[in-house]
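Worksheet: one structure, shown below.
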Amino acid sequence: MSANVAVSLRGVLKEYQRADYSVRALDHITLDIASGQFFCLMGPSGSGKSTLLHLVAGIDRPTNGTVEVLGSAIGEMDDRSLARWRSQNIGYIFQSFNLVPVMTAAENVELPLLLTHLSKRERRERARSALEIVGLGDRLGHRPQQLSGGQEQRVAIARAIVTDPSIILADEPTGELDAQSATDVLTILKTLNANHDKTIIMVTHDPRARQYAKESRYLDKGKMTEMPEIQ
Amino acid sequence: MGKQLYLVLKNLRRNRRRTVLTVLSTAISVFLIGSLISVYAVFFDNEVREESALRLITRHRVSLTQALPYYYGARIAETDGVVRICPMNWFGGTYIDQRPEHMFPRFAVDQEAVFEMYPEFKAPPEQIEAFKRDRQGLAVGKTVADKLGFEIGQRITIKGDIYPFDPELTVRAIFEGPDDMQAFFHFKYLEEAVGPERGTEVGVFAIKLRSASDASRVAAAVDDMFRNSPVPTKTETEAAFQLSFINQLGNIKLFLLSIACAIMFSMLMVTANTVAMSVRERTREIGVLKTLGFQPGSVLGIVLSEAMLISLVGGALGILITVLVNQALSEVAVQFITGFRLPAWGVLACFATAILLSVGSSVIPATIAARTNIVDALRHTG
């Protein structure tokens, strides 16, 4: 694997076994994503985009093939090692934000730092910095229900970057947002890529998102295909 | 640990009403268990006092309801090791009415012997002398006197039920001591009133020993003395007698244990359901925590700790309620039962119950949460 390749998938097959049939979510995918890339993976629902993201994050394992991320063959790690590796190297942004409702914005952002040896003060400071990066330095004490959808997603982005991971995975980050909020979120992701040198892998339906990415690919029925003409 | 506690406290504040209700239900179940232990302690966990160790009780071998002849007393008194004997008859009867606040045990006793037999009952010597001199005198425990407002010189009438006789008594002595919830009047007064046939029947003989080490020998000697008579005896220590008296009510230990088990089981089900519901609601959040890098062991620890904290707080509250209720009961006394208390081992048992409840109710939901596949957890809706 080349030094500047952040993610490398080789012949990745992912099948889900059901009671009397199996579903092939990814069909022998081979893909390299360079470090510092803003990579956009598009495709219709059920095409396998999120599954690919899960494999890169190490929250799911391929049925066949290898997944290397930042030089580590994550398919060969045990669950404990994988969890530790993920906390240090991956920031994950969910479509539905998935903030903890009983925690403030700062506490939500601080959550991944509980896995580090940082002191409480250091954790608070880092959470504040992360929230300032996403433009929510004045919303530290707000709970998720006191924030708009766009603000919630920005808190989720702050949570993803607070541990300073090399790779940020974004699963439909604009899926539940209005146009303006979606633009804000995409702008933040682009800034993180350009100014903070984060490798960003985003899966999305949103055709506008493609404009923010440096590279886009299309996934359909578990296979990489040509990007269709998007109206 | 501190970081985990932080998450645990946050989660407990998620649904405050549910947390408070779960704490309260745990507190109530621990209170019920604590109350059962207190009842058990009253019956079976009393310390044998020094004076009590020097006493034996002789009764009819067949049943307490069968009487012994009065003359047995003289023969028992001749047994080596016996210092004093005191015939005692349960009089029963009604004071004013049948309401519990008017109930107190009344015994016809040998007025000359009773305060030597029970030296733990203390009264001013002139009162004891006045009680001995007055055939219709009544010596009453301070607890009863305080409760019913008895004063020295006050006349009261007891309506007889076991005996066809209504003693008219004058309070001559008010004694203090452990279990001072009873009253004594002259055996001779009863005998004269009901005639020689019933008047010479004795319920039990209290025997005072020279030494506690004589207990088994004297008990055997007394029972041997009357073994082949029409009225055989059973002689036992005061503690054993009290226990056999209690056992007439039935197998109290089994009864208490059964209730305790039923409470435990029902609370286990309720708490398990609450914990499972709480975990199920957070399935997606657990998936997020794992995505962030939390280990399955941490998730297990968080869920277990939540249940443990609820149970410990509920347990402490339950113990506090038990202690307060016991205090209130010890002041009013329930029927003739006194001395409600939660012994040290009872406090430990209550906490053990609370912990058992928490672990028992949360171990399965916590294990399921820890093992939940991240992708499945993130897809969870509900």
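The shown structure was predicted, so the numbers you read here are calculated from the model rather than taken from an experiment. Every chain is numbered from 1 and lettered A, B, ... according to where its sequence line falls, protein lines coming before strand lines.
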Practice prompt. Among A:Leu111, A:Ile90, A:Leu99, single out the residue with the greatest number of heavy-atom pairs under 4.5 Å to chain B.
Written response: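 Of the candidates given, the most pairs with chain B belong to A:Leu111.
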Practice prompt. Among A:Leu115, A:Thr51, A:Asp79, A:Leu82, single out the residue with the greatest number of heavy-atom pairs under 4.5 Å to chain B.
Written response: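 Counting heavy-atom pairs under 4.5 Å, the top option is A:Leu115.
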Could you tell me which portion of [X] (side chain, backbone, both or neither) has an atom closer than 4.5 angstrom to a non-hydrogen atom of chain B?
X	result
A:Glu107	both
A:Tyr16	side chain
A:Ser96	side chain

Worksheet item: Between atom CD1 of B:Ile374 and atom CG of A:Asp60, what is the distance when rounded to the nearest 0.5 Å?
Response: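 Between B:Ile374 CD1 and A:Asp60 CG, I get 9.0 Å after rounding to 0.5 Å.
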Worksheet entry | B:Phe294 six-ring centre to A:Arg84 NZ/CZ under 6.0 Å and within 45° of normal |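 Output no; distance or angle outside limits.
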Decide yes or no for [X] and [Y]: does some side-chain heavy atom of the first lie under 4.5 Å from some side-chain heavy atom of the second?
X	Y	value
A:Met103	B:Tyr6	yes
A:His54	B:Thr291	no
A:Val102	B:Arg13	no
B:Leu292	A:Arg86	no
A:Val100	B:Lys10	no
B:Lys290	A:Ile59	no

Residue [X] excluded, over 12 heavy atoms near [atom1] under 6.0 Å:
X	atom1	answer
A:Arg128	CZ	no
B:Arg282	CZ	yes
A:Gln146	CD	yes
B:Leu257	CG	yes

Fill in: For the student: nearest non-hydrogen atoms of A:Ser87 and B:Gly293, plus distance
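What the structure gives for the nearest pair is CB-CA, 3.9 Å.
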Worksheet item: Which pair of non-hydrogen atoms, one from A:Arg159 and one from B:Val288, has the smallest distance, and what is that distance?
Response: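 In this case the closest contact between A:Arg159 and B:Val288 is NH1-CG1, 3.9 Å.
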Discussion item. Run B:Glu285 and A:Asn98 through side-chain contact (heavy atoms from CB on, under 4.5 Å) and show every step you take.
Written reply: CA-CA 7 Å; B:Glu285 208 171 286; A:Asn98 284 335; over 6 Å; no
